[in-house]
There are 2 protein chains.
Amino acid sequence: MSQHRHPGASDRAGAVPALPDLPEATVARLPEYLRALHNLADAGHETVSSEGLAGAAGVNSAKLRKDLSHLGSYGTRGVGYDVALLVDQIEFVLGLTQRRAVALVGVGNLGHALAGYDGFASRGFRIAALFDADASRVGEMISGLAVRHIDELPRVAAEEAISIGVIATPAPAAQAVAEQLVAAGVTSILNFAPCVLSVPDGVDVRKVDLAIELQILSFHEHRKASLTALPAAGGSALTALPGGLVTPDTQEAIGT
Amino acid sequence: MSQHRHPGASDRAGAVPALPDLPEATVARLPEYLRALHNLADAGHETVSSEGLAGAAGVNSAKLRKDLSHLGSYGTRGVGYDVALLVDQIEFVLGLTQRRAVALVGVGNLGHALAGYDGFASRGFRIAALFDADASRVGEMISGLAVRHIDELPRVAAEEAISIGVIATPAPAAQAVAEQLVAAGVTSILNFAPCVLSVPDGVDVRKVDLAIELQILSFHEHRKASLTALPAAGGSALTALPGGLVTPDTQEAIGT
DNA sequence: ACATGTGAATTGCTTCACAGCA
DNA sequence: TGCTGTGAAGCAATTCACATGT
């Protein structure tokens, strides 16, 4: 097992630490590697090179090797990585050796879809309970689970050993829900509501905001449009577009 | 230092010579600032300090000031930023002065929810068309739009001036859909399918993978659990965590 | 011969601390 | 007396290039 430096000061280790503390950027990519590895395994590959895995995961190979080196992982020089072994390693590090129970709060439009999303089940999670504040929704069956009232959260969280909370409520309700989750012992939250949550130290929040993703793309569209028309001010640069299609954006460029 | 603007020239959207090319990290935060600013405006604030806005957006104030400085933005020393002006600035930079038309491909579980998500409509986008490859779904009405067959994409994309494509199909279909979108002239794609897309240069892809978000949280849960053995100071609020999730092999002396 | 693992160089992002202005 | 805008310092992540091991 490889030995590597410990960035923090206080970690004194004589024995092998169970969990190296990985750079956040690496952690965010491990799930991607894991998915690619499962695909490779399904396709019958037993080993894969950094080049090959990097391609399948959409990153470059140097980055992949560095990421894996943080796990102290086992590759074989001249050969590559053992797919099955690497799957186990990554699943262990990500804490996926147990199937984590997830509570979903808010069964509106989006919550409904999330409750039925099989990607959760197939990748290490179990939606263990659904909650809503709206009494008229309580009791409704969604994907085989009955919607419960949010007040039952503390009891159910304990019973089901809830590990992660997902918030899919409207924004105004999200902060209160977050607090209820924290009070029920949940220390990891995935927030789909478009708002900032404030939570105590030690609680992790990740946010997914669908409109923000579109807005980021919008920026790039805007920029591409302004670059397509600006340079070489003589001729229209529309021909630069592959496929020869004129995007509607070109009309908005250059206000000068 | 690159682009500077004349501090005296007042302008409205459209008068800026070219788009400054912002750091990606900044671009990703602008939508967050924008949302916070809208909230502030609704609450009646006319100006806001970097501190105040940073708080509302969940970032620190130095970062916010640097981000805004990249836009060449107008704040007033000793006072703060004019909320309405800043909203205009950011909306312009993000290309939100026009309401962009979005095509959504795949009206399964998740696609259905996205089609009905009002966060898109309220934040600068218009879902202009729904597509699916499944003939039995074509014609179905969702949120006032009829589902069309994917083969109609080229025609509809042109008619509706589609700016952004959203892929909500199963993973195996996603690459083909991406190619169809690109062929139809779409240069920005938001991908919800758990797979890597390969697209030509000049096409932007952003990915949202719900299971990956949970897996990242899982990592942190795992790490927190492995540290639960030691700290004497502070928090005991999570003693409610049942199931004994502490990994056995983490006995490790850290500090004291 | 070939592909991993890793120091070193580089790039990009964040944070600090304060000059400059209202 | 504020609070913005920004050089400069500090960190983190990426990329390079090659020594290392099989």
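Naming: A, B, ... by sequence-line order, numbering from 1 per chain.
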Tabulate protein N/O versus nucleotide N/O from nucleotides 20-22 of chain D, keeping only pairs under 3.5 Å, one per line.
residue : atom : partner : partner atom : Å
D:dT20  : O2   : A:R77   : NH1          : 2.5

Checklist line | Between the first and last five pairs of the helix from C:dA1-D:dT22 to C:dA22-D:dT1, the angle of the axes, rounded to 10 degrees | finding: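 That helix has its two terminal axes inclined by roughly 0°.
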
Checklist line | Annotated protein contacts, base or backbone, on nucleotides 9-17 of chain D with a non-hydrogen cut-off under 4.0 Å, one of B, S, - each | finding: ----SSB-B

Check: Whole Å only: how far is the CG atom of A:D82 from the P atom of C:dT4?
Finding: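 Those two atoms, CG and P, are 13 Å apart.
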
Check: Rounded to whole angstrom units, what separation is found between the CG atom of A:L68 and the P atom of C:dT4?
Finding: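 About 9 Å, once rounded to whole Å.
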
Notebook entry, point to check: Quick one: salt bridge (charged side-chain N to carboxylate O under 4.0 Å, His left out) partners of B:R29, sequence neighbours excluded?
Noted result: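 Counting only residues at least two positions away or on another chain, B:R29 forms a salt bridge (charged side-chain N to carboxylate O under 4.0 Å, His left out) with B:D67.
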
Note to self: Going by the rule ring-ring contact (aromatic ring centres under 6.0 Å, His included), which residues pair with B:Y33 if we only count those two or more places apart in sequence or in a different chain?
What the structure shows: none

Checklist line | Pairs flagged by side chain to side chain donor-acceptor pair (under 3.5 Å) wherever residues 164-182 of chain B is involved - sequence neighbours left out | finding: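 Qualifying pairs: B:Q175-B:E179.
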
Checklist line | Side-chain (B:R100) to main-chain (B:I162) donor-acceptor, under 3.5 angstrom | finding: no

Notebook entry, point to check: Does B:N191 reach the main-chain N or O of B:C195 with its side chain, forming a donor-acceptor pair under 3.5 Å?
Noted result: yes

Next item on the list: May I ask you to evaluate whether B:Y81 reaches the phosphate of D:dG5, defined as a side-chain N or O under 4.0 Å from OP1 or OP2?
Entry: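 The answer is yes; a side-chain N or O of B:Y81 sits under 4.0 Å from OP1 or OP2.
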
Which donor-acceptor pairs under 3.5 Å do the side chains of residues 75-82 of chain A make with protein atoms, sequence neighbours left out?
residue : atom : partner : partner atom : Å
A:D82   : OD1  : A:A84   : N            : 3.1
A:D82   : OD1  : A:L85   : N            : 2.8

Sequence neighbours excluded, which residues qualify as side chain to side chain contact (heavy atoms under 4.5 Å, CB included) partners of [X]?
X: B:A54; answer: B:V59, B:S61, B:L64
X: A:S49; answer: A:E51
X: B:S188; answer: A:L217, A:E221, A:K224, B:I164, B:D204
X: B:E32; answer: A:V196, A:K207, A:I212, B:R35, B:A57

Next item on the list: Check each residue of residues 41-59 of chain A for a non-hydrogen atom within less than 4.0 Å of any atom in DNA chain C, then write out the ones that pass by number, or none.
Entry: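 Correct list: A:S49, A:S50.
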
Checklist line | Member of A:L197, A:V177, A:V166, A:V105 meeting the side-chain contact (heavy atoms from CB on, under 4.5 Å) criterion with A:I189 | finding: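 The option that passes is A:L197.
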
